[in-house]
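Taking it in order: structure first as structure tokens, then the write-up.
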4 protein chains.
Amino acid sequence: MAAKKVTRQDLREASETYKNWGKWGPDDEVGTLNYTSAEDIVAAAQLVRKGKVISLALNFDHTGPQGAKSKYPTMGRTNPIHTMLRTGTDAYSGALDARGIRAADDMVVMPLQCGTQWDGLGHVFYENHMWNGYDCRTVTSAGAQKCGIEKTKDRMVGRGVLLDIPLMLGMPHLPDTFAITNELLDKAEKHFGVEVRRGDYLLVRTGQMEAMLAAKSWDGYSGGDAPGLAFETLDWLHKKQVAAVATDTWGAEVRPNETDEANQPWHWISIPIMGLTVGEIFDLSELSKECAADKLYEFLFVAPALPVTGAVASPVNPLAIK
Amino acid sequence: MAAKKVTRQDLREASETYKNWGKWGPDDEVGTLNYTSAEDIVAAAQLVRKGKVISLALNFDHTGPQGAKSKYPTMGRTNPIHTMLRTGTDAYSGALDARGIRAADDMVVMPLQCGTQWDGLGHVFYENHMWNGYDCRTVTSAGAQKCGIEKTKDRMVGRGVLLDIPLMLGMPHLPDTFAITNELLDKAEKHFGVEVRRGDYLLVRTGQMEAMLAAKSWDGYSGGDAPGLAFETLDWLHKKQVAAVATDTWGAEVRPNETDEANQPWHWISIPIMGLTVGEIFDLSELSKECAADKLYEFLFVAPALPVTGAVASPVNPLAIK
Amino acid sequence: MAAKKVTRQDLREASETYKNWGKWGPDDEVGTLNYTSAEDIVAAAQLVRKGKVISLALNFDHTGPQGAKSKYPTMGRTNPIHTMLRTGTDAYSGALDARGIRAADDMVVMPLQCGTQWDGLGHVFYENHMWNGYDCRTVTSAGAQKCGIEKTKDRMVGRGVLLDIPLMLGMPHLPDTFAITNELLDKAEKHFGVEVRRGDYLLVRTGQMEAMLAAKSWDGYSGGDAPGLAFETLDWLHKKQVAAVATDTWGAEVRPNETDEANQPWHWISIPIMGLTVGEIFDLSELSKECAADKLYEFLFVAPALPVTGAVASPVNPLAIK
Amino acid sequence: MAAKKVTRQDLREASETYKNWGKWGPDDEVGTLNYTSAEDIVAAAQLVRKGKVISLALNFDHTGPQGAKSKYPTMGRTNPIHTMLRTGTDAYSGALDARGIRAADDMVVMPLQCGTQWDGLGHVFYENHMWNGYDCRTVTSAGAQKCGIEKTKDRMVGRGVLLDIPLMLGMPHLPDTFAITNELLDKAEKHFGVEVRRGDYLLVRTGQMEAMLAAKSWDGYSGGDAPGLAFETLDWLHKKQVAAVATDTWGAEVRPNETDEANQPWHWISIPIMGLTVGEIFDLSELSKECAADKLYEFLFVAPALPVTGAVASPVNPLAIK
């Protein structure tokens, strides 16, 4: 569906055109999150008009999107494993009374990108470099010495904007392989009467998640064909100077990709070159309905990453507050 | 330092006096979080005046508070284990090029109460019952079938209030065994010119965390002696109708406890009887300084739990937004 | 295919008939492993005649039998997750040189019954009791205070005997629902010229594993239909006084089970009542070929459990040494 | 205590002198384990004379040697975390009855070198190479594509020999910094009347573990000062052509190391250059007593690695069978 064939040469050019390295100084580790100013946060708070909180997270459990059938080679991502360290049944059995308190405790084992998540700036490299020109070798088995997700711990607050593409097009959900172009993004701004501005957290809905949930199967979601952002949206996002962008798909960009010469070419540029934080597997279903009802496509957005030191991603419970 | 000796009979009486079971219907699973109204959220957003975001989370890593020496019997809580599934060094070595993208990925193994965290309502039982009268046997090895932390996924937003007790008393930090009484809480409201109201998220600072960080050792933090809330504050919190309360200590209440007949007696009542969500290991150091500087002890508070299905707690990156 | 319908009354009777509680004293925690005498071990060592070691373990990895499609309700068992703590790519990148040594390190997350494994005596309860009459409440979230697998750390050595049922019957593998009866076991002893004796480690092959491996899918293996031991074999195994029994299936006994009144009725009796250690998911394919070639169905068997304290099972690399 | 100062030049020379690359063909992945012949295994089985099985494993649990205080920089190794997936208390509470069986299940999270363990041949690199000349980049975050521990699944069986150095010297245990030299090894063979031969599994006792256990603290064990093999023993082991060597210390070789130019210099050569599998944290205490009692320092040794695909090490329950 994507008209243009992206070549390695296009990637090289894009890596120069959209390069934000150094823009916030040589030591910056959070990239476009810097676009959100204190004033933007104050203004975003004013968008809270009815006191409604909408979670954009899937629950984290064994029914999540990992582990389903996929043609994509495995990356070691599994659904979360939640285990108990103490239980109510222990309490009932009297096994805890020696402690003097009846309490349950628990633990989780989870790939940081197993569900609703932020891609941190340590997640993708362009050749041997990551965001701001840091050497990719700073991300070792000991974690990311640069651009760890913990560097964002006091960010991820600002104005959120939803562009609900399938709703605009009168479709229940965008079909796989559907590329969301710059033209469509422009059109969506007008359609929904909302302008994407510098420092915004942009949420782009494709509806693919609802299609999966309705089918009661995640087969093909992780790494399979999907609707998503066209490669050219790098230009749109770069000019708009958004803080971050998130979608309801596994990998944000359209799949199959618009090239055979790279995998996830939009990621090659967005994260390491632009310094753009990317959200994936956001559940935008309730927000879609809420915005359709009140016709307001902007809101306070708060989605703090869990500051796991040296992490290249984080599970998150993003909140839209209207 | 605590004058009053709490007996099992006191616990029984408190379990009747402060019981909120049924207050929000027989199916409620979030307790006092219900106190925060939509209007409260709208009003709280108005407290964002300078666009400053302050994270109240410790970073999650192997230097965290678990694993230090303690007289308290182990509960299986360890510091987070963060491991990489793909690295920048893999990228540099060319090992990822067959995938067509150079990307890092990671995983975490973490007890849900290993660091900055919410105690969910499935965490503590009073005899054979949990919040709202649910049977404790609904919390099995398969997780909490009632009151799982995922039930709070669109809560944890409201007006935050900081009561900075050591600052008021002119102490760098409260000493171990120091009980924060109702009188002190009343006094703090006046001292800081802030009234704690229904639906608020109350943060009580003891300064113990800064003492630990200064000592570069967490020995004695988990389960050891600590300053904290007196048992009688149950009454104060019950009357104030706060949504939740959080402190910078391991266990919120004063230790040694005010009784030999139970462990963590305040927890016996607050969580299962009142339905009070409790935050622990919150890092209030930066917030303390910020409030001291601007003299404003109220702010927008957003601290979304990670909705791990059936979890009895959640790590969290709580944000105070001023 | 199983003629007899097992009732709850049959289970009650079997729980009396085959009860070995107290047989090795009130403090015993290893059950029928006691049947193997020092003399048996000396004699078993004499069976090593050609110096051939055959591993009966599947490799432990993400291609293992867990996670496949099954009608059986999930039990939280997943395939092992193997992650690296340091890598050769870290070494190549120079990231380890500050340590003065280039070394890799790794970690595993694994349910103890995810692959080739021993069921320990803490694994199954008969009503409120486990082996030797211990209270089931001694197996808490803190592990098995009685009958932990670590109690077997110097056991699991003896004479191994293979009864290769499909080979005897001229079938590539037994079909699902095929019940291996006492008559077949008797017949197999004669057919292969080997007598099962007190203290032996008995391996019963069904061939189901090879069928799964040939199909390149584990769908239906875990908890699905399967060939296996008939309920009546409890009598045969009890009289033979074997130390342990192991098969190449997920659950040892025939499925669907010979009853609708219980799940895995053979397990209700074998483990908690007889004190029989049970091996599952043993890969008997190479051993089958080796024994068919040399016509010797007895060998030295060494299959030490990993002594994880308080564990109710253990992954294992069982060795047949001929 | 070590007289000789090992230089980087010595390492370079040793890497040529002791190089076994290609000795068992270009595709070999198990190194000196090849020294053990089928005949050796048959002969070793004859050493089983009294049917006594001695486990050389520490139990795997939270009291293990990791996590203790150490000056050595952390490597991410923690003690095992054992959690339950179903419990006897669940059973008692009736929570499992819907399944039709009352059964417990469990899981472990463990660094593969957290306790008694084999170092596989993927564990240490000499510059950019591992055993047999394989490129170190074959050990990525996805595991060891060459020399994974699963390649040893049918090895680790042979004649075991114990050289009990502190017993010979009349010391309860060797002191930290004590280097076990070739002269001492020669002397021990004579003292105990046992000759180390080609293909043997050599166990060298220092007694350090018993000293730690007696002190009830592992502080300083992992990476701290320790008695151990001198660098020169590479020559002795090379000439003896042992299959593997194991000790009761954390790191086999003497610490502080005999050089400031490398960390664990003996490891630089033994594993990647000689292809020698190394055992560490073996509990030799009971074996020491048993051998002292019967004066027999040889036995059947069976210590199968858990075949975790791509692993560079394995926890193990090694058995000495006399």
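In what follows, chains carry the letters A, B, and so on, assigned in the order in which the sequence lines appear, proteins first and then strands, with residues in each chain numbered from 1. Keep in mind that what you see is a predicted model, and the values were worked out from it rather than measured.
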task: Let me see the working for D:Leu300 and C:Val302 under side-chain contact (heavy atoms from CB on, under 4.5 Å), right down to the final yes or no.
output: CA-CA 11 Å; D:Leu300 174 61; C:Val302 186; 5.6 Å; no
- prompt: For chain D, which residues from residues 264-271 of chain C have at least one heavy atom closer than 4.5 Å to it?
  reply: C:Gln264, C:His267, C:Trp268
- prompt: Using non-hydrogen atoms only, which part of D:Val312 is less than 4.5 Å away from chain C: side chain, backbone, both, or neither?
  reply: both
Spatial distance of atom OG1 (C:Thr309) from atom NE2 (D:His82) [nearest 0.5 Å]: 9.0 Å
- prompt: Side-chain contact, heavy-atom cut-off 4.5 Å: D:Met110 with C:Val108?
  reply: yes
task: Mind checking side-chain contact (heavy atoms from CB on, under 4.5 Å) for C:Ala142 and listing every partner two or more places apart, or none if nothing turns up?
output: C:Thr140, C:Gln145
query: So which of C:Asp61, C:Asp106, C:Thr138 has the largest heavy-atom pair count under 4.5 angstrom toward chain D?
result: C:Asp106
- line: chain D shares the most heavy-atom pairs under 4.5 Å, among C:Ala104, C:Ser314, C:Ala38, C:Gly64, with C:Ala104
- prompt: What distance separates C:Ser141 OG from D:Asp90 CG, expressed to the nearest 0.5 Å?
  reply: 7.0 Å
- request: Could you tell me which of D:Ala57, D:Gly76, D:Ala311 has the largest number of non-hydrogen atom pairs under 4.5 Å with chain C?
  value: D:Ala311
- prompt: Atom CZ of C:Arg77 and atom CG of D:Leu85: how far apart are they, to the nearest 0.5 Å?
  reply: 8.5 Å
- request: Look up atom CG in C:Asn59 and atom NZ in D:Lys151, then write down how far apart they are to the nearest 0.5 Å.
  value: 9.0 Å
- request: Grab the two heavy atoms, one from D:Ala91 and one from C:Phe125, that are nearest each other, plus how far apart they are.
  value: CB-CD1, 3.8 Å
message: Is there a side-chain contact between C:Val48 and D:Gln46 in this structure, where contact means two heavy atoms from C-beta onward sitting under 4.5 Å apart?
response: no
message: To the nearest 0.5 Å, what is the distance between CZ on D:Arg102 and NE2 on C:His129?
response: 11.0 Å
- prompt: If you measure from OG1 on D:Thr89 to CG on C:Asp135, what distance do you get to the nearest 0.5 Å?
  reply: 10.5 Å
query: With respect to chain C, which residue among D:Gly51, D:Gly158, D:Ala43 yields the maximal number of heavy-atom pairs within a distance under 4.5 Å?
result: D:Gly51
- request: Give the member of D:His62, D:Lys52, D:His123 that has the highest number of heavy-atom pairs under 4.5 Å with chain C.
  value: D:His123
task: Please lay out, stage by stage, how C:Thr78 and D:Met107 fare under the test side-chain contact (heavy atoms from CB on, under 4.5 Å).
output: CA-CA 10 Å; C:Thr78 57; D:Met107 187 175 102; 5.7 Å; no
task: Count the heavy-atom pairs under 4.5 Å between each of C:Ile101, C:Thr83, C:Ile41, C:Thr63 and chain D, then report the option with the highest count.
output: C:Ile101
task: Take C:Arg155 and D:Val53 through the side-chain contact (heavy atoms from CB on, under 4.5 Å) test and state the conclusion after the steps.
output: CA-CA 7 Å; C:Arg155 307 290 177 132; D:Val53 178; over 6 Å; no
task: Kindly write out the residues that satisfy salt bridge (charged side-chain N to carboxylate O under 4.0 Å, His left out) with C:Glu280, not counting sequence neighbours, or none if the list is empty.
output: none
field: Option that, when pairs with chain C are counted at under 4.5 Å, heavy atom only, ranks first among D:Asp105, D:Val124, D:Asn257
entry: D:Asp105
- prompt: Looking at D:Val157, D:Asp97, D:Val109, D:Thr87, which makes the most heavy-atom pairs under 4.5 Å with chain C?
  reply: D:Thr87
task: Between chain C and each of D:Arg49, D:Arg86, D:Glu39, count heavy-atom pairs under 4.5 Å; write down the option with the most.
output: D:Arg86
Residues 315-322 of chain C, side-chain donor-acceptor partners within the protein, below 3.5 Å, at least two apart:
{"unit_1": "C:Asn317", "atom_1": "OD1", "unit_2": "C:Ser55", "atom_2": "OG", "d": "2.7"}
{"unit_1": "C:Asn317", "atom_1": "ND2", "unit_2": "D:Lys153", "atom_2": "O", "d": "3.1"}
{"unit_1": "C:Asn317", "atom_1": "ND2", "unit_2": "D:Ala305", "atom_2": "O", "d": "2.7"}
{"unit_1": "C:Lys322", "atom_1": "NZ", "unit_2": "C:Asp294", "atom_2": "OD1", "d": "2.8"}
{"unit_1": "C:Lys322", "atom_1": "NZ", "unit_2": "C:Asp294", "atom_2": "OD2", "d": "2.9"}
{"unit_1": "C:Lys322", "atom_1": "NZ", "unit_2": "C:Leu296", "atom_2": "O", "d": "2.7"}

